[in-house]
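Input: a single structure, listed below in structure tokens.
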Amino acid sequence: MSERESLNSQLEHLQMRYVGTGHADITKHEWLTNQHRDSLSSFIGHQSFLSLFSIAENESVGRVKYNTLSKMISPCGPPPKIKDTMDLEKDN
Amino acid sequence: MYLYNLTLQRPTAVYQSICGNFSGTKQIEIVLNHGRSLEMIRYDEDGKMSSVLYSEVFGVIRSIIPFRLTSGSKDYIVVGSDSGRVVILEYNSTKNQFDKVHQETFGRSGCRRIVPGQYLAVDPKGRAFMIGAIEKQKLVYILNRDSSAKLTISSPLEAHKSSTIIFSMCGVDVGFENPIFATISVDYSDDSGGNIEEDLEDNGKKKVLTFYELDLGLNNVVRKWSDQIDDTANIVMTVPGSNEGPGGVLVTSEDYIVYRNQDHPEIRAKIPRRYNSNPDKGLLIVSYSSHKQKNMFFFLVQSEFGDLYKITLDFKGEMVTAVNISYFDTIPLANSLTVLKNGFLFAASEFGDHSLYFFKSLGDDTEEGNNEGTITMEEKDGFIWFKQREELKNLVQTSTLSSLSPIVDFKVLDIVREENPQLYSLCGTSKDSSLKVLRHGLSVSTITNAKLPGVPSGIWTVPKSNSPSAQDQTDKYIVVSFVGSTSVLSVGETIQENHESGILESTTTLLIGSMGEDSILQVFPTGFRFIRSDMRTNEWRAPGRKTIVRATCNQNQLVIALSGGEVIYFELDQSGGLTEIIKKDFRRDIACIEISPIPKGRSMARFLAISDWEGPVRLLSLDRDNCLGQISMLDTDKVYIESLSIVEMQVNEAGVDNFKVSSQNMGGSLFLFVGLKNGVIKRATLDNYSGELSDIRTRLLGRRPVKLFKIKVRGGNGILALSSRVWLNYANQGKLEIVPLSVEPLENASNLSSDQSPESIVATSEDHIIIFTIDKLGDLFNQETIKLGATPRRFIVHPQTNYIITLETETNYNTEQIDIEKINAERQAEYEKKKQEIQENMDMDMDMDDNNDDANTDGQIKKPKFIYKPKAGRGQWRSIIKIIDPISHQVYESYQLDENEAGFSLCTLSFSDRGDGEIFLVVGCGNNVILNPKSCESASINLYKFTEEGKKLQLVYKTEAEEPVYAMAPFQGRLCAGVGKNIRIYDMGKKKLLRKCETKNLPNTIVNIHSLGDRLVVGDIQESIHFIKYKKLENMLYVFADDLAPRWITSSVMLDYDTVAGADKFGNIFILRLPSNVSDEVEEDPTGSKLKFESGLLNGAPHKLEHIANIFAGDAITTLNKTSLVVGGSDVLLYTTISGAIGALIPFVSREDVDFFSSLELQLRNEHAPLCGRDHLAYRSYYFPVKNIIDGDLCEQFITLDPQKQRQIAEELSRSPSEVLKKLEDIRSQKLL
């Protein structure tokens, strides 16, 4: 097996195992979404963060937690429309 | 620089509470999750809580859940933490600690997205539990018993599903069929296509309820059933099943509670709402608990407004026909509710004190005829509305656990001039916020305070009976001695003079003691009198011209010292009289004399402590073969000795197996206390057999000579040490503690036991007699609370009047005290009026312009923002400045800022250009601020002047700013303000503040500013600390140094000219220092040209700060203070956290100490791994590697180790266990409280 293939399979294994592992063709949106999900889950894990937000927003901790979890579903909105090659050519 | 990290006040916020029989007895215990520690509390029948165990785990506890094996009687605790491990704990009641039963590793450490630990669910029969991550991973462990009845745990079974976010998890009650776990989850995977046009809020992302079945036969987990539920669902709760109920789950979502089960139609119920709450915003359930007893179960849930609802189900067999929701009561918002089995409810508040309630009734509307108690429910717009009760109806609060969480701002000051500083902290949020004044010491409640005819010289109490087995342990008399007279007061319903006690009243009394069964001994200068219960009295006269100067007695023995140094020893004989045993002349005047208490199971005590004025203290034997012979001595370095005391206390000794000792029924250890003239107390451990004195501790208590008095504390012995402050020495959870009492200085004291209060203290202070009790033993601080109305932000102290000025600012504010209907009507009217005006204008312009349409008119004026109950709504602000007198706690001024104007920072200063030194108050404000994404309509800096001797405020003018001002500081007689990312220097003008100088070279938003000389040290909200130099000649500001790491600063404090300590949101505390060559260079650059043209890489500053120390403290740090807590002590760095903890970083003075403590820390890290499986070093290095800070919290766990380990560790450090303990105690007592 060539080196390149084994590297690929290793990467794939990592991507399977650890959600959020990047790859060569990662888009800005994908990367950012991952970053946001990581941060949001850290906020939920460290309860003092939820308290902090709850004081700032004057909402209940339960509500803040629910909002944070809901945000994780799609933290950066839908991915931007992929311009296909035809459009790019047109732009050029 | 090396520092020692020590927690002063433990975190008081509770994130989760569970209950169970953890010690395996009938007693119900509550276990609290403080985020970084576990605490176990018990409560008695009256609903009084007491803490049993507190255990720091050095990890982030994310969830805890109790479980009990089938037919077991003891509950275990499963802990989900950030350690990447699941830990099962068992409470060990003999050692009073949590034992780790199992620890299973499954992932990486840290609060990560896909590492389980966030959610826990157990099978109601205790056969298995599921541990889940926020995303994807879920593991199931099977629990069982082995042949020796020990708990076993299986290897994990996976129930993963990628790209799903989990909202909630619980076990489903299926009796003894295969265990089922229910989760609420959302699959987000389908948004990868990149062609989704529809709105994300309600696109294909469906929230589903999924049942996972653990097949015990096949040993795997399968998704059994899945069905769509409401998009806003957030909690799933177990419904009792098998014989007790229908099984299945309840799912709560905004406005609805739904019963769901497999093969069962969904049963919905709408949650009743409060009057005037925002109908457009759903009502969310935030906490819940369930209660199950024979033939009955119910749920208690709390909405985000604090209203409790009771939920019951109508069912027949397994068919549920209805879900009933009724309003129950309103209590402060809780993180966690726990209904306890015997009619109590524990509510762990989000912020503020936690409460225990008793169920007065279950709200079953039995009193329908009674209008007072019932609430009116009304149906309108598809909702059921109710008015919440002002007072509790179904619950009664029985006790509270006080909590400082969250500490928003904190300062250590002595504004009321008390010698010892007070700790001022702004606590709480919204309507439950307060300014708390903390003083080190226990609070006392005074029962009586009466004037006496003269200044007493002594006070004693006489018990009704002296035998420990007697039923009535209360006291009969209080005896007060004056110069030349003695008066006797009898204790009863009232306290009144008594002349029939047999006590000689025409003389000064030296000692009153109770001897034998019920005899009274009175010692006076010319002799002593022995009064039997039948009033027969014997008198003994001092020989010749000699007088008695000192005397001491226990139940059976009496020793008197005569002037000139003669000591006579008496014993109680068979006939109940006193016989002289031996006489010895010491030829020196005796200053103090003290006999030891009689050990259990013996009739005579063996030791007598005696000292002349200059010491040393000698310990004499009372054994017949060596009567009054010296055994050992304690040197006091020629300091005059004021008093001596020997007491027996229940204390765990270092390196000694205490369980063995206590099983031998030894009672406790003997301690010799010596009070010295210079205010120092010495304590030595007295060996029960040999009389050796060892382990001598010294502590300064105050300015006056230390007098010692024995009292009773919690049924054990204690010592009251009276100096310029009053201190209590007692054994608390096996540790000898010394704490001050918050009472006036006292001169004499004695224990008093009466029917009303079995453990009170009677004391004299000048010519007053005071009777008081000690409250809340175990607390470090006593609190005084000044109520505030809205979430506090900052407070400062006026430099001249010492009044406290607080700034309270609240968004989405509490409207319970506001007439919202009136305001909303006004706003509506205003809107209508404006609309009409515009309409009229439009009509006039019509001819000229045809382009009028309605949308356009609406666009020009904003729709009115209505406010709602109990919270106004997003983007609505209220802000108040208060002036409070720190002594009388009177609020002089309550200055409300304009509508939707929010104050964020404040400072006082006097402008040097004005020359009159008048002090102004400056407040940084923003209008219509929106927090996320950050925006504001306008911002201003408001200048106020003080009127009426600083008691009132008057607005001078407002100065426009582009962004809200979060930080301000006086700087060289001018104002330095951080406007967004600009640092600006303002001077006072006629109509507004005048900009004098500005720099825009800072990254984001400035959150704090310190000035020293011509340097400014500025903290940025996410880019750490910046050093700025002000060049006066050029009137320019230069950023000349910054930090390498991004840090989200919350607070910072300058330690010296080049050093700054800062803290961030993530819980790191760090110290940064300017390299000395840079500091010199900056100072020696007269033209500033160097600074001007120097620039660093990537837009950074030319110089970088050195990183000196770092530690992760556990949760978000709110404030840092450099202060000294003990009079004359050196400074320490105090930090407070959002969870109500107060900690300190103590600088080490000697290298020797650093070596000692770092090796102790290392030993403990190796020998005593943290309870929840996190690595200590990794935990303290959470975001940045720990540097130069030794963790005292870990070092102090030395005391909880078993003796063998203690000895082993001490040996490694080439010291004895008690020496290690002494070192630990010393560092705490010298620098802290």
Side-chain angles (χ1 to χ4, degrees), chain A residues 14-21 23 25-84 87, chain B residues 13 15 35 60 62 82 110-114 117-118 133-136 162-163 165 167 186 188 191-197 200 205 232 234 284-287 302 304-306 333 335 350-351 405-406 408 429-430 791 810-814 871 874 931-932 1065-1067 1114-1116 1137-1139:
Chain A
L14 276 178
Q15 275 149 2
M16 278 282 288
R17 215 168 143 194
Y18 301 112
V19 176
T21 311
H23 51 90
D25 302 322
I26 197 164
T27 64
K28 204 173 179 180
H29 175 266
E30 228 175 296
W31 179 82
L32 208 59
T33 305
N34 261 323
Q35 290 287 310
H36 274 257
R37 286 207 181 110
D38 284 346
S39 307
L40 292 167
S41 64
S42 170
F43 298 158
I44 298 164
H46 295 267
Q47 281 113 324
S48 67
F49 261 100
L50 295 179
S51 307
L52 200 73
F53 298 153
S54 138
I55 297 164
E57 291 175 14
N58 205 19
E59 288 280 5
S60 74
V61 175
R63 168 63 85 173
V64 173
K65 186 175 175 183
Y66 169 74
N67 287 349
T68 315
L69 272 169
S70 305
K71 236 190 226 167
M72 275 188 76
I73 299 168
S74 177
C76 305
K81 254 188 171 176
I82 298 168
K83 285 185 178 174
D84 51 32
D87 291 341
Chain B
Y15 297 116
V60 177
R62 296 155 84 188
D82 67 337
C111 291
R112 286 168 208 270
R113 221 161 116 193
I114 55 158
Q118 184 67 38
I134 294 172
E135 189 177 320
K136 185 181 168 187
S162 48
S163 355
I165 307 282
F167 278 71
V186 177
Y188 67 75
D191 70 343
S192 51
N195 52 358
I196 298 168
E197 288 282 301
L200 261 164
K205 313 254 163 35
T232 52
N234 67 330
L284 200 70
I285 296 296
V286 294
S287 54
Q302 191 176 32
E304 56 185 321
F305 299 143
L333 264 172
N335 269 332
E350 281 183 353
F351 302 113
S405 165
V408 187
T429 62
S430 199
T791 309
E810 193 172 317
T811 179
N812 188 14
Y813 56 84
N814 183 284
K871 286 184 170 175
R874 277 194 69 171
L931 288 169
N932 188 19
K1065 265 175 207 169
F1066 300 97
D1115 50 343
T1137 75
I1138 202 115
S1139 64

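All heavy atoms count here, side chains included; hydrogens, waters and symmetry mates do not. So you know, we letter chains A, B, ... as the sequences are listed, proteins then strands, and number each from 1.
Interface check for chain A: of the options B/G117, B/A13, B/C111, the most heavy-atom pairs under 4.5 Å are formed by B/C111. Counting heavy-atom pairs under 4.5 Å between each of B/V408, B/I285, B/N814, B/D1115 and chain A puts B/D1115 at the top. Interface summary for chain B: among A/A56, A/S51, A/S70, the most heavy-atom pairs under 4.5 angstrom belong to A/S51.
With a threshold of 4.5 angstrom between heavy atoms, A/N34 approaches chain B through its backbone and through its side chain. Contacts between B/F351 and chain A at a heavy-atom distance below 4.5 Å involve the side chain alone, from C-beta outward. Of the two parts of B/E135, only the side chain, counted from C-beta on, holds a non-hydrogen atom closer than 4.5 Å to a non-hydrogen atom of chain A. Proximity to chain A (any heavy atom under 4.5 Å) is shown, for B/S1139, by neither the backbone nor the side chain. With a threshold of 4.5 angstrom between heavy atoms, B/N335 approaches chain A through side-chain atoms but not through N, CA, C or O. Neither the backbone nor the side chain of B/S162 comes within contact range of chain A, judged by heavy atoms closer than 4.5 Å. Residue contact with chain B, scored on non-hydrogen atoms closer than 4.5 Å, involves the backbone and the side chain of A/E59 alike.
Side chain of A/N58 to main chain of B/E810: no donor-acceptor pair is present (N/O by atom type, distance under 3.5 Å, no hydrogens or angles). Side-chain atoms of A/K65 never come within 3.5 Å of backbone atoms of B/V286 as a donor-acceptor pair (strictly under, hydrogens ignored).
The minimum heavy-atom distance between A/G62 and B/L284, with the atom names listed, is O-CD2, 4.2 Å. Pairing each heavy atom of A/R17 with each of B/K136, the nearest pair is O-NZ, 3.9 Å. Residues A/F49 and B/K1065 share a closest heavy-atom pair of CZ-O, 3.8 Å. Taking both residues in full, the closest heavy atoms of B/T232 and A/Y66 are given as CA-OH, 3.0 Å, listed atom of the first, atom of the second, then distance. Residues A/S60 and B/L333 come closest through the heavy atom pair CB-CD1, 3.5 Å. Pairing each heavy atom of A/G45 with each of B/V60, the nearest pair is O-CG1, 3.8 Å.
The side chain to side chain donor-acceptor pair (under 3.5 Å) search around B/E304 returns A/R63, not counting sequence neighbours. For the side chain to side chain donor-acceptor pair (under 3.5 Å) test, no residue two or more places apart in sequence or in another chain qualifies with B/T811.
The closest side-chain heavy-atom distance from B/Y15 to A/V61 is not below 4.5 Å. Annotation: side chain of A/F53 is not in contact with side chain of B/L931 (no heavy-atom distance under 4.5 Å).
Interatomic distance, A/M72 CE to B/Y188 OH, rounded to the nearest 0.5 Å: 7.0 Å. Expressed to the nearest 0.5 Å, how far CZ of B/R113 lies from OG of A/S42 amounts to 12.0 Å.
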Quick one, B/I1138 with A/I55, criterion side chain to side chain contact (heavy atoms under 4.5 Å, CB included). Give me CA distance, side-chain angles, the key distance, then yes/no. CA-CA 10 Å; B/I1138 202 115; A/I55 297 164; 3.7 Å; yes
